[in-house]
Number of protein chains: 2
Amino acid sequence: MNFKGKRQPVTIPRAAKTLRRTRIQEEKEEQILEAALDVFSASGFRGSTIDQIAEVAGMSKPNLLYYFRTKEAMHRALIDRVLYTWLEPLRAFDAEGNPEAEIRSYIRRKLEMARDFPRESRLFANEVLQGAPHIEDELKGPLKELVDEKAEVIRAWAKAGKIVKCDPYHLIFSIWSTTQHYADFDVQVRAVLGQEHSGEGRFEDAARFLEQLFIGGLRPDPLGG
Amino acid sequence: MNFKGKRQPVTIPRAAKTLRRTRIQEEKEEQILEAALDVFSASGFRGSTIDQIAEVAGMSKPNLLYYFRTKEAMHRALIDRVLYTWLEPLRAFDAEGNPEAEIRSYIRRKLEMARDFPRESRLFANEVLQGAPHIEDELKGPLKELVDEKAEVIRAWAKAGKIVKCDPYHLIFSIWSTTQHYADFDVQVRAVLGQEHSGEGRFEDAARFLEQLFIGGLRPDPLGG
DNA sequence: GGATAATTTGACCGATTGGTAAACATTACA
DNA sequence: TGTAATGTTTACCAATCGGTCAAATTATCC
């Protein structure tokens, strides 16, 4: 029952992390995950190599593998760290609030995330696009539950006549897709808009358009029908 | 000026293709591109291997490389073949038509493509997501020109009060993103909708919602302003 | 300061990568 | 039917892949 000849990296027994966690560990793991975000978000899991991440992180490959035993472990740690934050805007969606204001601020928040955290957006986009082999459970579990909950809120709003009757799931999908588009398909957006309109102002233009679209499209039918 | 010792694959001198094009060539290139679409759309360029494509195509790797000299050449041929078809719906967008009907049918066509050609959608999504290293020219050239043209049509409609005043580029982006979402993020859509609603009927639900959203959101302001 | 644990590295491993060389098999065509 | 062009395969290449190992270095703590 000993481990002589092969010391376990400190990060492996996760439970022990809070007990013995070096300053160096925190710094290096941070460095690595930052580099991993760069690489994974740009090339997907299969298209990324440990050597690339090591180079971006500025350390040797075996050193990376001292902190994360496998490429998969690095990817998993990255997903875990980013996923919670990523769902924050949807979680903030408030049943008690004013529907129009809630939808407006949800769009705005998602658009801000697309602008400020495009790598995180692309990390998930790459993953989902390639069949979500590593996050299937998260999609079918926590994500579905959260969406189910918020969909119920939207359905209640529609029932109360506060917004038009519509499918709440597809409404959420459409907000996701339109906002994340500006992160995931950034190069295409820039190419089409051309140099003159691909500055940071495009996010304001997008926000204006999307609010117009969704607020207009969801305004309740005056006949109540 | 001879090539002894290394016969040139027939496909290399593209100009000569029309002159001497074997039945076998057509069949095999078809087979290869079909397999390449499978693999590239699922893993992106970097994440795909020639061996994978060879296996799917049911032929040996050197045999693939007889028809396409490099992995890049295969990818390029695939992009070239698919791109034209992919832009067909936007090209069909008619300035003379009724704005509401044109937008409605554009959404429907794009949604049909997401349903019927999800691999093609993912091929481009992978490519753009990873920085569009192989199709930058196509984006900045033909794509931008086509979008510019159609944006002008939409702008004219808005000016004439036929639809609400809005940014035509972001309108096009939002139609792209919402429709392609059902191909590119299919696994996520299925996971969130659950088994009961992830049948083919989801495309009808999506169409209904998106038409509602866009038609409602673009209906001209009755005050005209 | 010395022992001990934590960290880092260069050298290396077998498997896989994109791609080649050349022998071999098949087809088209006179 | 012969033969030249076309098509296919086996064996192979150097480079890169994810990952290991043991030795060397550095930080920590008494």
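In what follows, chains carry the letters A, B, and so on, assigned in the order in which the sequence lines appear, proteins first and then strands, with residues in each chain numbered from 1. What's counted below: heavy atoms across the whole structure, side chains too, no hydrogens, waters or symmetry copies.
A close approach under 4.0 Å does not occur between any side-chain nitrogen or oxygen of A/Gln25 and OP1 or OP2 of C/dA6.
Relative orientation of the B/Phe45 and B/His134 rings is tilted, given thresholds of 30° and 60° on the angle between their planes.
Residue A/Ile24 contributes atom CD1, which lies 14 Å from atom C1' of D/dC29 at whole-angstrom precision. Here C/dT27 presents its P atom at 11 Å from CD of B/Glu27, a figure rounded to the nearest Å. Atom CZ in B/Phe68 sits about 13 Å away from atom P in D/dG7, given to the nearest Å. D/dA15 atom P lies 18 Å from atom NZ of B/Lys71, rounded to whole Å. One atom, CG of B/Leu65, and another, P of D/dC13, lie 18 Å apart when rounded to the nearest Å. Whole-Å rounding puts the A/Glu72 CD to D/dG19 C1' distance at 13 Å. For the pair A/Arg69 CZ and C/dT8 P, the interatomic distance rounds to 18 Å; values are reported in whole Å. Going from atom CD1 of B/Ile50 over to atom C1' of C/dG18 covers 5 Å, rounded to whole Å.
Look at B/Glu30 and B/Arg81 and you find a salt bridge, because one of the NZ, NE, NH1 or NH2 atoms lies within 4.0 Å of a carboxylate O, short of that distance.
Screening residues 188-213 of chain A for ring-ring contact (aromatic ring centres under 6.0 Å, His included) gives no qualifying pairs among residues at least two apart or on separate chains.
Residues that satisfy the ring-ring contact (aromatic ring centres under 6.0 Å, His included) test with B/Phe185, not counting sequence neighbours, are B/His181. For B/Tyr182, the ring-ring contact (aromatic ring centres under 6.0 Å, His included) criterion is met by A/His170, not counting sequence neighbours. Listed by chain and residue number, B/Lys140 satisfy the salt bridge (Lys or Arg N to Asp or Glu O under 4.0 Å) test with B/Glu136 (two or more places apart in sequence, or in another chain).
Using modelled atom types, one finds a donor on one side chain and an acceptor on the other under 3.5 Å when comparing B/Gln130 with A/Asn126. In the model, B/Tyr169 has a side-chain atom that pairs as donor or acceptor with a side-chain atom of B/Asp148 under 3.5 Å.
Residues of residues 32-45 of chain B having a heavy atom closer than 4.0 Å to DNA chain D: none are found.
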Below 3.5 Å is the cut-off: list the nitrogen or oxygen pairs between protein and nucleotides 9-16 of chain C, distance only.
unit_1: C/dT9; atom_1: OP2; unit_2: A/Ser60; atom_2: OG; d: 3.0
unit_1: C/dT9; atom_1: OP2; unit_2: A/Asn63; atom_2: ND2; d: 3.4

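Crowding of B/Gln195 atom CD: a count of heavy atoms from other residues, nucleotides or ligands under 6.0 Å not exceeding 12.
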